[in-house]
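Here the structure is laid out as structure tokens; the discussion comes afterwards.
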Amino acid sequence: MNTTKRTLKISNTLSGKKEIFSPLHEGFVGMYVCGPTVYSHVHLGNCRTFTSFDIIYRYLLHLGYRVRYVRNITDVGHLTDDGEDRMARGARINQIEPMEVAQKYTLDFHEMMRTLNNLPPNIEPRATGHILEQIEMVQRILERGYAYERNGSVYFNLRQFSRDYPGVYGQVSGRIMEDLIAESRDDLKSQDEKDHPADFALWMKARPGDLMVWNSPWSVGFPGWHLECSAMSTKYLGQTFDIHGGGVDLKFPHHENEVAQNHGACGCSPARYWIHTNMLQLNGAKMSKSEGNYITPEQLFSGDSPLLSKAYSPMVLRYYFLQAHYASVLDMTDDGLLAAEKAYRKMMEVNKLLQSLPADTTVYDGSESAHDRAILRHIEAAYEGMDDDFNTAIALAHLNELSSYVHKIANRQIPLNDVSPWVIERLKITFRTFLFDIFGLRDETEVAHGNKVVEGLMDLILEIRAAARAQKDWATSDKIRDTLAALGIAVKDSKEGASWTWL
RNA sequence: GGUAUCGUGGCCGAGUGGUUAGGCACAGGUCUGCAAAACCUGCUACAGCGGUUCGAAUCCGCUCGAUACCUCCA
């Protein structure tokens, strides 16, 4: 379905306003999202960020745009508070090569993205694979006079840049340049080399013992963290492209510095729309390993945590994310997950019910009914929700409203001839499109069965139970039900017979 | 300490100058041998204190609280 006629609005961090989205080239979108630093297992917060951008990517695709989605892998240059490279630190602790660390956690990250049903980006460049591009960018920034060399390291000259491009530095994070200049911390690293504390490293000279080093015109060393995104976005999307995304915590200094580097190198702004996703909290507070307020995605999926009453599936997590707007802080609680699980399962069930409705009917009398109009209004409202800065919460609310119609049609509370066949068809397409294409959900209620032997046994058991019930042998019937419940299987009785699900 | 964002019913969360968000929970009902499930109906909030306005939960101010950032955590 091509619906590029729709008007999409995006909250642009650059302007602080919601703007009508208009791509640089009609029909095409270039989108860059800051990817993970692959030095440890994926954090639940990362899961939210990349799922948010996955939904943005999916909706752009749905609108008919040809999207080039670039998401990098940071495998060098991202230092810890102690100034050690994160890869090198992992390598030292585990006594392996830094690139083994990067490989291990890149695979781990990809696995998690698949688990969450996030589509892969079109290009996934690595920082270590683009050292040449980064060196060239440093050279361009030097040539244009916005960087200086000190003892083999190269630093960005913020004051010079701010004089030539007033108002650029600070636009993403909403910071005032004067404040930044005035701000100074006494525990800054290697600031003695820098002309000004706010200047940041483009290239860092290696110290003895550094493992990840490359040759450069200035020294044997490694690129600064911010540089990779500037170099790779330029390489794959051009000097100016449409959308740049990342978590809000990256606004400063990472994104701010990125903009400065691009400006410094080419004199132009890199992205036209900046999208920032918000944080995920746990029980009302920041997730913190040291405070014990922390769960990993694996713990969430296994239920192995004192903070959880049970295991939650990846799609329940995804549904949980969908219930909130990407730019809001989202609080995760066990009660909330429980609610999301029930809501998700009902949504999948109602979709199955909807898809099984008769495709056509001859009793339709040809007019547009009040029900038709109500249904169409909710469908349109769901789209309007997505058009309004990818508001999945709104879209979901209208799908829930539509669920009620599906049930009423299915149980004949609304006569079938009160709803036009084409409206039913439209409803079916809307559910499939939203749930699976746009929201990127998978129907886990199906694959929950899976095992053929278990399915065969269950069919047999339910058959025996049905026979007992036919003879009003409630003792046998209840014994089967209770025993299965103890084994984690719920039996559901309905007019059509009994069915079962894992608890 | 500085800067920014936010504070919505039992819980999670949209939204916003005047009109039902939605989900979960809860209550009642239908169904059922009982129960569960499913469905139907109900439930009406916007941190506190001032101010602007015909009208504010929505705008402004203050207070309290939360979160993020402040040289490299999505």
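Predicted, not measured: the structure shown is a model, and the values here were computed from it. Order of the sequence lines sets the chain letters (A, B, ...), proteins ahead of strands, with each chain counted from 1. Just so you know, these numbers use all the heavy atoms, side chains as well, and skip hydrogens, waters and symmetry mates.
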What I'd like to find out is whether the side chain of Leu441(A) reaches to under 4.5 Å of the side chain of Leu322(A), using heavy atoms alone.
yes
Counting only side-chain N and O atoms of Arg86(A), is one of them less than 4.0 Å from OP1 or OP2 of C73(B)?
yes
Here the pair of heavy atoms bringing Thr115(A) nearest to Met315(A) is O-CE, 3.7 Å
Would you mind classifying the nucleic acid contact of Leu330(A) as base, sugar-phosphate or nothing, using non-hydrogen atoms under 4.0 angstrom? sugar-phosphate
ask   = When only distance counts, do a donor and an acceptor, one from the side chain of Asn400(A) and one from the base of A21(B), lie under 3.5 Å apart?
value = no
In RNA chain B, consecutive runs of at least three Watson-Crick or G-U pairs below 3.5 Å, as range with range, amount to B:1-7 with B:64-70, B:10-12 with B:22-24, B:26-30 with B:38-42, B:47-51 with B:59-63
Partner of Tyr59(A) under side chain to side chain donor-acceptor pair (under 3.5 Å), picked from Asp54(A), Thr392(A), Asp387(A), is Asp387(A)
Comparing Lys492(A) with Ala201(A), nearest RNA chain B nucleotide closer to 5' gives the residue Lys492(A)
Have a look at Glu401(A) and say if it touches a base, only the backbone sugar-phosphate, or nothing, with a 4.0 Å heavy-atom cut-off.
sugar-phosphate
Heavy atoms only, 4.0 Å cut-off, all strands: where does His254(A) land among base, sugar-phosphate and nothing? nothing
Considering only heavy side-chain atoms of Lys408(A), the closest of U41(B), A14(B), U71(B) is U41(B)
Any N/O donor-acceptor pair, Asp473(A) side-chain to G33(B) base, under 3.5 Å: no
Residues pairing under salt bridge (charged side-chain N to carboxylate O under 4.0 Å, His left out) where one sits in residues 305-316 of chain A, two or more places apart or in two chains, turn out to be Lys310(A)-Glu341(A)
Per-pair distances, 0.1 Å, donor-acceptor, side chain in residues 45-53 of chain A, under 3.5 Å, sequence neighbours excluded:
from	atom 1	to	atom 2	distance (Å)
Arg48(A)	NH1	Asn278(A)	O	3.2
Arg48(A)	NH1	Met279(A)	O	2.9
Arg48(A)	NH1	Ser328(A)	O	2.8
Arg48(A)	NH2	His325(A)	O	2.9
Arg48(A)	NH2	Ser328(A)	O	2.9
Thr49(A)	OG1	Gly45(A)	O	3.2
Thr51(A)	OG1	Cys47(A)	O	2.6
Thr51(A)	OG1	Asn118(A)	ND2	3.4
Ser52(A)	OG	Arg48(A)	O	3.0

Does OP1 or OP2 of A4(B) have a side-chain N or O of Lys251(A) closer than 4.0 Å?
no
Rounded to the nearest 0.5 Å, the CG atom of Leu280(A) sits from the CG atom of Asp331(A) at a distance of 8.0 Å
Open item on the list: Would you say Ser328(A) places a side-chain N or O within less than 4.0 Å of OP1 or OP2 belonging to G13(B)?
Closed with: no
Of the candidates G22(B), C70(B), A14(B), the side chain of Phe252(A) sits closest to C70(B)
With a non-hydrogen cut-off below 4.0 angstrom, is Glu341(A) in contact with a base, only sugar-phosphate, or nothing? nothing
